[in-house]
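Atoms within each ligand, like the ligands themselves, are counted from 1 in listed order. Scope of the values below: all heavy atoms of this structure, side chains included, with no hydrogens, waters or symmetry mates. Given the structure is predicted, the values throughout are model-derived calculations rather than measurements.
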Amino acid sequence: MRKQKQSVSVKIKVGLSGSSGRMGGAVKELIGKRNSGFVLVEQAPPLKAFDGWNKQRVEGVIDFSSPELFKMALRWSLENKKPFVSGTTALGVSHKKLLALASHKIPVFYEENMSWGIWQIKRWINNVSEQPCDILLEDIHHKNKKDKPSGTALKLQKHFPSFARKKLKIKSIRKGREFGTHRIYFKSSEEVVLVEHRALSRLLFAEGALRALKWLVKKPPGLYSFEDLYMK
Ligand SMILES: NC(=O)c1ccc[n+]([C@@H]2O[C@H](COP(=O)([O-])OP(=O)(O)OC[C@H]3O[C@@H](n4cnc5c(N)ncnc54)[C@H](OP(=O)(O)O)[C@@H]3O)[C@@H](O)[C@H]2O)c1
């Protein structure tokens, strides 16, 4: 008798927090592509959806939501010992503390901006040398974005050396359907340097989160970011 070929699924089973949102839609679109390597098994909202999530099915959680839903998703991941990836912005100090506490027990990945390009810019501005010039950081996003300045703008600000941070000005613009543009101008009377990052699609951020989860499922408990994924 001919042996039947066994198809072994190696897809990572994802629980998605913020599934009805714009980013949730982008994550679902990528997961749904052939050979994505992921399958969606649980979704939230509503908040109470977590009570019904099946611990045996979910292998990792991705969260792009709001501080409230983020908290529920993190709690579920911690209680059920699942890797947790979040890109939710506007988190307060207390939320960041929860991430740090959870990372003692589960692998946690957090990035305000899941794009490779922004990560490259962070590395560059880390090394900016002292220069008498004005520094302006522009953050341009769609009109429904809730936080202002963007999480990315605040994160970029932290990456400047302290002399530059002191003179840095942030200007936030909310208009139309912009997925996210960040521009940094260094201006003196003799020269202008402009660094620009433009997200052309939300799929960019969804892709970063899926890449992070694929990497994270093999990691021990800890608090990770792109620094760890790309550099170590
Ligand atoms: N890290 C990155 O690269 C990156 C990139 C883009 C966006 N973001 C961030 O990702 C987050 C989501 O962005 P988005 O544009 O997808 O936002 P959105 O369209 O407003 O979606 C938010 C999602 O969270 C759910 N939600 C929010 N508060 C809730 C609550 N109290 N109870 C139940 N469900 C709740 C919403 O459910 P309903 O549909 O029921 O409202 C929806 O599913 C934001 O923080 C944004 O800044 C991060």
Sub-4.0 Å atoms of ligand 1 with respect to non-hydrogen atoms of [X]:
X: Thr88; result: 45 (O)
X: Gly18; result: 23 (C), 24 (O), 43 (O)
X: Lys145; result: 47 (O)
X: Ser20; result: 36 (C), 37 (O), 38 (P), 39 (O), 40 (O), 42 (C), 43 (O)
X: Met23; result: 6 (C), 7 (C), 14 (P), 16 (O)
X: Asn113; result: 1 (N), 2 (C), 3 (O)
X: Glu111; result: 1 (N)
X: Lys146; result: 20 (O)

If you apply the rule side-chain contact (heavy atoms from CB on, under 4.5 Å), what do you find for Leu16 with Glu42, and how did you get there? CA-CA 6 Å; Leu16 180 59; Glu42 300 288 6; over 6 Å; no
Any protein heavy atom under 4.0 Å from atom 15 (O) of ligand 1?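 Within 4.0 Å: yes, protein heavy atom nearby.
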How far is [atom] from its nearest protein heavy atom, and which residue and atom is that?
atom: atom 10 (O) of ligand 1; value: Phe64 CD2, 3.6 Å
atom: atom 18 (P) of ligand 1; value: Arg22 NH2, 3.7 Å
atom: atom 21 (O) of ligand 1; value: Gly21 CA, 3.2 Å
atom: atom 1 (N) of ligand 1; value: Glu112 O, 2.9 Å

I need the full list of ring pair (Phe, Tyr, Trp, His ring centres under 6.0 Å) pairs touching residues 174-200, with sequence neighbours left out, sorted by first then second residue.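 Of all non-adjacent pairs touching residues 174-200, those that pass ring pair (Phe, Tyr, Trp, His ring centres under 6.0 Å) are Trp124-Phe186, His141-His182.
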Taking the side chain as everything from C-beta on, heavy atoms only, tell me whether [X] gets closer than 4.5 Å to [Y].
X: Ser17; Y: Phe70; answer: no
X: Glu29; Y: Leu203; answer: yes
X: Ile118; Y: Lys122; answer: yes

Passing option when Asp139 is tested against Lys171, Arg174, Lys148 for side chain to side chain donor-acceptor pair (under 3.5 Å): Arg174
I'd like to know whether the aromatic ring centres of Trp116 and Phe226 sit less than 6.0 Å apart in this structure. no
Can you tell which part of Leu69 has a heavy atom less than 4.0 Å from ligand 1: side chain, backbone, both or neither?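 Just the side chain.
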